[in-house]
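I have placed the structure first, in the form of structure tokens, so that the comments after it can refer back to it.
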2 protein chains.
Amino acid sequence: MIRNVYSKECPCRGLLDMVASRWTALVIGDLEDGPRRFSELKKRLEGISQKMLTQTLRTLERDGLVTRTVYPSVPLRVEYELTELGRSVTEPLAALRSWAQRNYETVAEARETFDKAEPVGAEPATAR
Amino acid sequence: MIRNVYSKECPCRGLLDMVASRWTALVIGDLEDGPRRFSELKKRLEGISQKMLTQTLRTLERDGLVTRTVYPSVPLRVEYELTELGRSVTEPLAALRSWAQRNYETVAEARETFDKAEPVGAEPATAR
DNA sequence: CGGTATCCGCCATGATACTG
DNA sequence: CAGTATCATGGCGGATACCG
């Protein structure tokens, strides 16, 4: 087997996309402290649609990172919890979230500088 | 400022999307060992289109993670290199790539099991 | 409560052609 | 070599309605 994200055929590239994808990193992060109900997750992940939350959770369940447990009470109650495999990816993801939170102001400044220097049509014939 | 990826308005969420996005993780990873030319990157990141490579590099440059240096030789030569900010994110990204490479077979098995258990219309009236 | 089903717009991405 | 420009498209993701 290939086991190399730089190889075109290696399926692990798809896996990298998956765990790094927008909502996955947030869902997993929110499950770090323990099981959560569907509605709890929806409330805490501001801006996620019901559809995307369902879809994200299904993918995570299918991939073995999360378990889904139904308690047939009335009203229905469903809890999601990280598996051991799921817990094994929390650290790298937490590091990434933390990096984003620590550095977004620096990045915002870099953007300003960059955009000021290149107002699209300025400096005629600047090679690019 | 908010500094919380779980908040809808916090711009750091967009930054998380950026560094976690498909090609970004691979480009940054390949720049870990030192500067690279455009064509080198293109060769090493199997399957990336010229357009996506350019776009990814532009974004990284604009966000201050990468520098772009033009050597006006003939033929033209352009080198990309990580900035200090860029280097600060290599570790979490490497951890994520490594996780994907270590675990994709486990995940593949989990998928098989899951798909076998739920052939869409089986087990009539299984609550879901 | 915790979903599924359907419709649909829009943008990310790829393919192709051309340029300095 | 290292791009830019343009066009085509597929699927991501939101909105809405309905179900057990």
Side-chain angles (χ1 to χ4, degrees), chain A residues 8 13-14 17-18 20-27 30-31 35-62 66-81 118 120-128, chain B residues 8 13-14 17-27 30-31 35-62 66-81 118-128:
Chain A
K8 188 166 25 178
R13 198 183 264 187
D17 290 352
M18 196 281 281
S21 84
R22 164 151 225 181
W23 296 114
T24 303
L26 297 181
V27 168
D30 199 51
L31 289 175
R36 289 220 187 276
R37 304 182 58 168
F38 185 86
S39 49
E40 289 176 327
L41 285 166
K42 180 138 173 29
K43 224 171 291 178
R44 300 172 59 90
L45 278 66
E46 291 186 18
I48 195 171
S49 66
Q50 192 172 42
K51 178 183 174 177
M52 287 316 297
L53 181 53
T54 301
Q55 186 175 307
T56 303
L57 288 169
R58 270 312 161 271
T59 303
L60 290 172
E61 186 194 1
R62 185 170 108 104
V66 155
T67 58
R68 176 180 184 269
T69 312
V70 183
Y71 300 93
S73 52
V74 178
L76 199 57
R77 171 199 182 119
V78 179
E79 281 195 352
Y80 293 91
E81 186 168 15
E118 320 217 357
V120 184
E123 287 152 85
T126 295
R128 160 126 293 181
Chain B
K8 190 166 25 179
R13 198 183 263 189
D17 289 352
M18 196 280 282
V19 291
S21 84
R22 165 150 226 184
W23 296 114
T24 303
L26 297 181
V27 168
D30 200 49
L31 289 175
R36 288 222 188 274
R37 305 183 55 169
F38 186 87
S39 48
E40 289 176 328
L41 286 166
K42 177 133 173 32
K43 224 171 293 178
R44 299 171 58 89
L45 278 66
E46 291 186 18
I48 193 171
S49 67
Q50 191 171 44
K51 177 180 172 179
M52 287 316 297
L53 180 54
T54 301
Q55 187 176 307
T56 303
L57 288 168
R58 271 310 161 270
T59 302
L60 289 172
E61 187 194 1
R62 185 170 108 102
V66 155
T67 59
R68 175 181 184 268
T69 312
V70 183
Y71 301 93
S73 53
V74 177
L76 200 59
R77 172 199 181 119
V78 179
E79 282 195 351
Y80 294 90
E81 186 169 15
E118 319 216 355
V120 183
E123 287 153 83
T126 296
R128 162 126 295 182

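Hydrogens, waters and symmetry mates play no part in the numbers below; they use all other heavy atoms, side chains included. So you know, we letter chains A, B, ... as the sequences are listed, proteins then strands, and number each from 1. Here the structure is a predicted model, which is why all the values come from computation and not from measurement.
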>> Ignoring hydrogens, what is the shortest heavy-atom contact between B/Lys8 and A/Gly47? Give both atom names and the distance.
In response: CD-CA, 3.9 Å

> Looking at B/Leu76 and B/Tyr71, what are the two nearest heavy atoms and their distance?
Replying inline: CD1-O, 4.0 Å

side-chain N/O [X] vs [N] OP1/OP2, d < 4.0 Å:
X       : N     : value
B/Arg37 : D/dC1 : no
A/Arg58 : C/dT4 : yes
B/Thr54 : D/dG3 : no

Could you tell me the separation between the [atom1] atom of [X] and the [atom2] atom of [N], rounded to a whole number of Å?
X       : N      : atom1 : atom2 : result
B/Lys43 : D/dC1  : NZ    : C1'   : 11 Å
A/Glu61 : C/dG2  : CD    : C1'   : 13 Å
B/Leu57 : D/dT4  : CG    : P     : 10 Å
B/Glu40 : D/dA2  : CD    : P     : 8 Å
A/Asp17 : C/dA12 : CG    : C1'   : 13 Å
A/Leu76 : C/dC1  : CG    : P     : 11 Å
B/Leu45 : C/dG14 : CG    : P     : 12 Å
B/Leu53 : D/dA2  : CG    : C1'   : 10 Å

>> Determine whether a donor-acceptor pair (N or O, by modelled atom type, separation under 3.5 Å) exists between the side chain of B/Arg36 and the backbone of B/Asp30.
In response: yes

> So, does B/Thr54 use its side chain to make a donor-acceptor pair with the main chain of B/Gln50 at under 3.5 Å?
Replying inline: yes

> How is A/Tyr71 classified with respect to the nucleic acid when contacts are heavy atoms under 4.0 Å: base, sugar-phosphate, or nothing?
Replying inline: nothing

> Do the side chains of B/Phe38 and B/Leu41 get nearer than 4.5 Å, heavy atoms only?
Replying inline: no

> Can you tell if the side chain of A/Met18 reaches within under 4.5 Å of the side chain of A/Leu60, non-hydrogen atoms only?
Replying inline: yes

>> To the closest 0.5 Å, what do you measure between CG (B/Leu31) and CG (B/Leu26)?
In response: 11.0 Å

>> What does the B/S/- profile of nucleotides 9-19 of chain D look like, 5' to 3', with a 4.0 Å heavy-atom cutoff to protein?
In response: ----BBB----

